Protein chains: 2
Amino acid sequence: MMTSPITLDALRVLDAIERRGSFAAAAESLYRVPSAVSYTVQKLEEEMGVPLFDRSRRRAALTDAGRLVLEHGRRILLATDEMTALARQSGAGWEVELRICVDTILEPDALYPLLEAFQSIQPRTRVVLSEEVMGGAWDALHDNRCDLVIGAPGEAPVSGLASQQLGEVSLVFAVARGHPLTGMPQPLSAEVLRDYPTVVVADSSRSLPSLSSGLLDGRSQIIVPTIAQKIEIQHKGLGVGYLPLHRVQRQIAAGSLEILALEVDRAPVTLSIAWRSGRQGKALKWFIERLCAPGMGAAFGL
Amino acid sequence: MMTSPITLDALRVLDAIERRGSFAAAAESLYRVPSAVSYTVQKLEEEMGVPLFDRSRRRAALTDAGRLVLEHGRRILLATDEMTALARQSGAGWEVELRICVDTILEPDALYPLLEAFQSIQPRTRVVLSEEVMGGAWDALHDNRCDLVIGAPGEAPVSGLASQQLGEVSLVFAVARGHPLTGMPQPLSAEVLRDYPTVVVADSSRSLPSLSSGLLDGRSQIIVPTIAQKIEIQHKGLGVGYLPLHRVQRQIAAGSLEILALEVDRAPVTLSIAWRSGRQGKALKWFIERLCAPGMGAAFGL
DNA sequence: CTAAAAGGTCAAATTTTTTGAATGATGACA
DNA sequence: TGTCATCATTCAAAAAATTTGACCTTTTAG
């Protein structure tokens, strides 16, 4: 199929003609001589094989085909302008899109002021937020489904990723007030726990070795998609399990959740921010710099 | 805001480079010399103010910005090709879109074979069907909401419209079997009718003088949007009114609807096809020609 | 190590576009 | 009914752009 011979310049000329009402006025606004405008239009018509103007009267009037080309042409011009802006932005080092992934173990609230500040200095970079659970964040980074993760647990499971510690989160074994386990002698043994369903946050990892949540097999489980739902369910006494201390401070203080000691207690988990090493855009750098600032862990409640 | 200096030719060159894998191969497929391709790319980069290729190695590789321009550029090229095709079609006299409106007094079945035949000779003209009720068709034509109406009743209410008679439709006053009116002495007087709700098809006219359905005021009415619903409702005995004979032949024959004589009976209505006079595209002509053929009225059941 | 292939540079050749002057046509307005 | 200004077009000349072809340097496959 013959490729379209159109020229963007011709579309701009067409736009100017319609906008200004005449070839002469268009020529003026384009800083050209009228005959140049006439020439461009004729060439466009010849190339398209279709008359774009009806010249039977004094003022050239658009034909149906001409109007069609004008209207589609304006959209095309808009698209090229937009593309140019995006490319310039990309060339200047600002990503067109930055995908940030927050592990559900963190509440994303501390991120919002950062986002706001970022948007005010660089509104053209689209920021896409997502949530992942327990190692899914590492996975998303590795699979190039995101560019920056906040709150990834432990160490990077593959190379090629860079990270920076954000803080530690203590995991406490908590049950609802009045739960049968609260009456048992502490520290609790594994056998005692076996009688109660454990609430597990689904690990959304896909291609990396799954980080198990360190729970023994053979117990009944309740699988939930987010930490928030896990807290909710444990709070209602439907199941037991480890919860990040900073997310349940309030319930502990109110007594509606109780911390129990286990024979083998879990070590605190280190949470990090992480990104792919190598080329970094300005937006990524901006976020990394701010997230590495002292006190950022505290901002996230760690 | 500076307008984008991009050239479609440059986008085509970019596309060829990516497609063929090298400047040299692209040059060959474009029937140019490699230095010409190099020149075009450099000019594009200069105009955009962004390097599109990473030349640190042997083969030039697209930068992020380059890939962005390539991908957006391909969409832009596609859009211009499509526009060109549409414009050529329009220039050849074929409408890009033809809007046909069928009055609900007709069943549109007879139109389908025509549509099929049309699509097979001119698949690029988009045909848009709509339905209007009782004079709404004239309105749609006048308001330029459609290009051709089929089954418009009576005469054109404004000038500037052309029409051709399609046939006559007899309107019969029909009620359900066993309806109290069937026991009355015929012809029925207006007073007798006053006791039963009349079913009225809503007139969707907007700006033209409304063609009333010729019913007396002061009676209770049931307003429905289509003839089909009017038939349904009268068939169930919920209301009375005139119906187009050709749409209720079956029910009359089966005896589930009965025709009653009125003191003042309605004259048959002439149905026409109509279009705006003046410029006509080939698609419109094609349909008019076929719809004016003898026997077309019969095809619509008239 | 060499030859082939890639991309680039540069001046000259070629093509395209712009210019400016001249022309005919149309419509506004006295 | 005549101006008269405005409009679009044509044409040759001028200017700008693109393309070419000869020649370079670098990289890589064999």
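Lettering follows sequence order; numbering is per chain, from 1. It should be emphasised that the depicted structure is a prediction, and the values quoted were computed from it without experimental measurement.
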Figure out the [atom1]/[atom2] separation between [X] and [N], and round it to whole Å.
X: B:E46; N: D:dT18; atom1: CD; atom2: C1'; result: 14 Å
X: A:I17; N: D:dC7; atom1: CD1; atom2: C1'; result: 12 Å
X: B:L52; N: C:dG7; atom1: CG; atom2: C1'; result: 16 Å
X: B:L30; N: D:dT20; atom1: CG; atom2: P; result: 11 Å
X: B:E28; N: C:dA5; atom1: CD; atom2: P; result: 11 Å
X: A:R20; N: D:dC7; atom1: CZ; atom2: P; result: 10 Å
X: A:F53; N: D:dC7; atom1: CZ; atom2: C1'; result: 13 Å
X: B:D54; N: C:dG7; atom1: CG; atom2: P; result: 12 Å

Any Lys/Arg nitrogen of B:D9 or B:K43 sitting under 4.0 Å from an Asp/Glu carboxylate oxygen of the other?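 So B:D9 does not pair with B:K43 through a salt bridge.
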Would you say [X] and [Y] make side-chain contact, with heavy atoms under 4.5 Å?
X: A:L62; Y: A:L70; value: yes
X: B:T40; Y: B:R32; value: yes
X: B:E95; Y: B:L284; value: yes
X: A:L14; Y: A:E18; value: no

Counting any heavy atom closer than 4.0 Å, what does [X] reach on the DNA or RNA strands: base, sugar-phosphate only, or nothing?
X: B:S35; value: base
X: B:R57; value: nothing
X: A:Y39; value: base
X: A:A60; value: sugar-phosphate

C:dG7 phosphate, OP1 or OP2: any side-chain N/O from B:Q42 under 4.0 angstrom?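 Answer no for this pair, as no side-chain N or O of B:Q42 is under 4.0 Å from OP1 or OP2.
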D:dA8, OP1 or OP2 - any side-chain N/O from A:S38 closer than 4.0 Å? no
Closest-nucleotide 5' rank along DNA chain C - winner of A:D9 and B:A24: B:A24
Heavy-atom nearest nucleotide on DNA chain C for A:Y31 versus B:A25: which residue maps closer to 5'? B:A25
[X] side chain, from C-beta outward: closest of [options]:
X: A:F23; options: D:dT9, D:dT18, C:dA6; answer: D:dT9
X: A:K43; options: C:dT17, C:dG8, C:dA6; answer: C:dT17
X: B:T40; options: C:dT9, D:dT19, D:dT9; answer: D:dT19

Do you see a donor-acceptor pair shorter than 3.5 Å between the side chains of A:Q42 and A:S38?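 Yes - a donor-acceptor pair under 3.5 Å links their side chains.
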Closest non-hydrogen atom pair, B:C101 against B:E132: SG-CG, 3.1 Å
Can you classify the ring geometry of A:F287 versus A:F118 as parallel (below 30°), tilted (30 to 60°) or perpendicular (above 60°)? tilted
Pairs under 3.5 Å (N/O, protein and nucleotides 4-6 of chain D):
{"residue": "D:dT6", "atom": "O2", "partner": "A:R58", "partner atom": "NH1", "Å": "2.7"}
{"residue": "D:dT6", "atom": "O2", "partner": "A:R58", "partner atom": "NH2", "Å": "2.2"}

